[in-house]
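See below for the structure under consideration.
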Amino acid sequence: MQRPDPADLMIWYDRQRRALPWRTLPGEQPDPYRVWLSEIMLQQTTVQAVKPYFAAFLARFPTVQSLAEAPADAVMSAWAGLGYYSRARNLHACAQAVVTRHGGRFPATEAELRDLPGIGAYTSAAVAAIAFGEVAAAVDGNVERVMSRLFRLETPMPAGRAEVARRTLAMVPADRPGDFAQALMDLGATICTPRKPACALCPWRAPCLARQAGEQDAYPRKLAKKGGALRRGAAFVLIRNDDAILLRTRPPKGLLGGMAEVPTGLWSDRHDPLRALDDAPTNAAWTASNSVVRHVFTHFPLELTVYAARTADPAIAPGTGRFTPLGQLADEPLPTVMRKVIATGLAVLGLGRG
DNA sequence: TATCCGTGGAT
DNA sequence: TATCCAAGGAT
């Protein structure tokens, strides 16, 4: 039985590598700031989704220094829609740590990177390898899949990740650690895909034990996960006569932490529609939307009934929230579910999109 | 180790 | 429609 040769992967990579905005051309020196920014954005997020955010972020915050000095609101707004908002908070904290702790330059080793906010085992290895040429094993979902198929690893993820890391590290070419990491990810993204892998085009088709057994689809082994129960609630779109909408800021941690929202009642599997207006921010002529806004989070689905009202002089308790002109909604860090809610509420009031 | 944390696209 | 899942990290 022949063992997989890293050189075969590198030959394939030199011919088939994807051109991506955060990648340099062969021979160019990568900018650690761009490498780091792209790696954070790409966590659990598709390349296609990241591309426009990466460009906009870079235009708005060209350097780690500028990002560190930016207000938190500006960072959250630039991230709005991309999801996993703790990444944005940690991104900001990390930029500030790089400035204060490391003089504005990213540390060059996996161990030092690992100590920064939002940088874990994968990202520290990826940045160390890609930006600084350190021999490190950047094990992400792609690498888990490639290695568990290549060696037909039976330990289910995430426990099996340790062996994947050992196998990967043992194969890193000393002269091209960054390219090897990116080659593995390209292979996983384009050839060794979750379903219907294109084994005929794979540089490692011969030594791959899963392919030899015809069981590519059975790897990586994974433990079954359970879904959460449906939660329901009420959301309140209140428009003042000067076309300003009542918003508030969510608590800094937890679900949608630090993001903006319209007032809502509790989101609960025991939500009672008959008492929904108990949670309204003010007395008004509330009109319910015909259909609910549905949204699916990682661990539970959500249905929000939208109540909308226009009033000239809303009696809002102090501290309830703030009024933002509808024309400035783009500057608010609104998660996708809240953009759906606001669109629905405006439709109820016949205000449409403007 | 298990759970929490978004979103949009593919099948 | 239902399910999976994509360059994970924090707790």
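Hydrogens, waters and symmetry mates are skipped; everything else that's a heavy atom, side chains included, is used. Note on naming: letters A, B, ... go to the chains in the order of the sequence lines (proteins, then strands), and numbering restarts at 1 for each one.
- A:H295 and A:F297 have perpendicular rings, their planes meeting at more than 60° on a 0 to 90° scale where under 30° would count as parallel.
- Regarding A:K51, its NZ atom lies at a distance of 14 Å from the C1' atom of B:dG9, rounded to whole Å.
- The residue among A:R114 and A:W22 whose nearest nucleotide of DNA chain C lies closer to the 5′ end is A:W22.
- In this structure, A:Y53 does not reach the B:dT7 phosphate: none of its side-chain N or O atoms is under 4.0 Å from OP1 or OP2.
- Under 4.0 angstrom from either OP1 or OP2 of B:dG6 there lies no side-chain N or O belonging to A:H295.
- Checking B:dG8 for Watson-Crick or G-U wobble geometry (two distances, each under 3.5 Å) identifies C:dC5 as its partner.
- When the side-chain nitrogen and oxygen atoms of A:H299 are compared with OP1 and OP2 of B:dT3, none of them lie within a distance under 4.0 Å.
- The side-chain tip of A:R231 points at the ring of A:F300 from less than 6.0 angstrom away and within 45° of straight on.
- The aromatic rings of A:Y33 and A:F106 sit tilted relative to each other, their planes meeting at an angle between 30° and 60°.
- Rounding to whole angstrom units, CE of residue A:M41 and P of B:dC5 are separated by 22 Å.
- Contact between the side-chain N/O atoms of A:T336 and the OP1/OP2 oxygens of B:dG8 is found at a separation under 4.0 Å.
- The side chain of A:S38 contributes no N or O atom lying less than 4.0 Å from OP1 or OP2 of C:dA7.
- In this structure, A:Q44 does not reach the C:dA6 phosphate: none of its side-chain N or O atoms is under 4.0 Å from OP1 or OP2.
- Dashed line: the shortest gap from a side-chain N or O of A:R89 to OP1 or OP2 of C:dG9 is not under 4.0 Å.
- Distance check on atom P: B:dG6 versus C:dT11 gives 14 Å, rounded to whole Å.
- Rounded to an integer number of Å, the gap from A:F297 CZ to C:dT3 P is 19 Å.
- Grouping the Ile, Leu, Val, Met, Phe, Trp and Tyr side chains by contacts below 4.5 angstrom, directly or via other members, places A:L20 with A:L82.
- Nucleic acid contact for A:W79: none, since no nucleic acid atom lies under 4.0 Å from a heavy atom of the residue.
- Nucleotides C:dA6 and B:dC5 are separated by 15 Å at their C1' atoms, to the nearest Å.
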